[in-house]
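To start, the structure itself, in structure tokens.
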Amino acid sequence: MVTLLGAAPAPAIAATVPASVADAPVAPVAPLKLALDGARLTLPDMLHIVRGNPVELSLAPRAARAMRQARGGALTALDGGQRVYG
């Protein structure tokens, strides 16, 4: 529950799901094909993932290059005696 400063908490809402609905078969969800690039993850993508639906992930070449460059910079800093965090 989220309570805003100075606001009263919202009342709890009780709900039940009929057994006929709860036991109904669920249609399979097609896997989401997602290339991680550090820029294009959308809210619908996130909702698909957090709901436990299948995902086929790949790492975009641009992201792989950026990771290699960042690692190279971190290693250079470490070799120079600098502290590196993260």
Side-chain angles (χ1 to χ4, degrees):
M1 174 173 44
V2 175
T3 302
L4 300 176
L5 292 177
I13 298 173
T16 59
V17 178
S20 60
V21 173
D23 295 334
V26 176
V29 176
L32 172 67
K33 293 182 181 183
L34 186 60
L36 298 177
D37 66 0
R40 294 190 182 103
L41 187 64
T42 66
L43 181 57
D45 294 342
M46 285 298 302
L47 291 174
H48 182 93
I49 294 165
V50 300
R51 289 178 177 148
N53 294 316
V55 181
E56 293 178 11
L57 290 176
S58 64
L59 184 61
R62 180 176 102 185
R65 279 191 303 275
M67 289 173 61
R68 282 191 298 274
Q69 288 173 348
R71 183 175 190 273
L75 291 175
T76 299
L78 286 171
D79 287 344
Q82 296 179 9
R83 292 182 183 171
V84 177
Y85 298 92

Query raised in the report: Should L41 and L59 be regarded as members of a common hydrophobic cluster, given that ILVMFWY residues are connected when their side-chain heavy atoms come within less than 4.5 Å of each other, either directly or indirectly?
Result: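 Yes.
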Query raised in the report: M67 and L57: same hydrophobic cluster, using ILVMFWY side-chain contacts below 4.5 Å?
Result: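 In one cluster with M67: L57, yes.
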Report task. Enumerate the residue pairs fulfilling side chain to side chain donor-acceptor pair (under 3.5 Å) with a member in residues 70-86, sequence neighbours excluded, ordered by first and then second residue. Result ->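 Qualifying pairs, neighbours excluded: none.
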Requested in this report: Please report the closest heavy-atom contact between A63 and D37, naming both atoms and the distance.
Outcome: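 Smallest heavy-atom distance, with atoms named: CB-CA, 3.8 Å.
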**Report entry** Donor-acceptor under 3.5 Å (H48 side chain, P54 main chain)
**Finding:**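 Yes, because the side chain of H48 sits within donor-acceptor range (under 3.5 Å) of the backbone of P54.
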Query - Minimum side-chain heavy-atom gap V29-R51 below 4.5 Å - result: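 Counting from C-beta outward, V29 and R51 never come under 4.5 Å.
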Query raised in the report: Do L32 and D45 have side-chain heavy atoms sitting under 4.5 Å apart?
Result: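 The answer is yes; the side chains approach within 4.5 Å.
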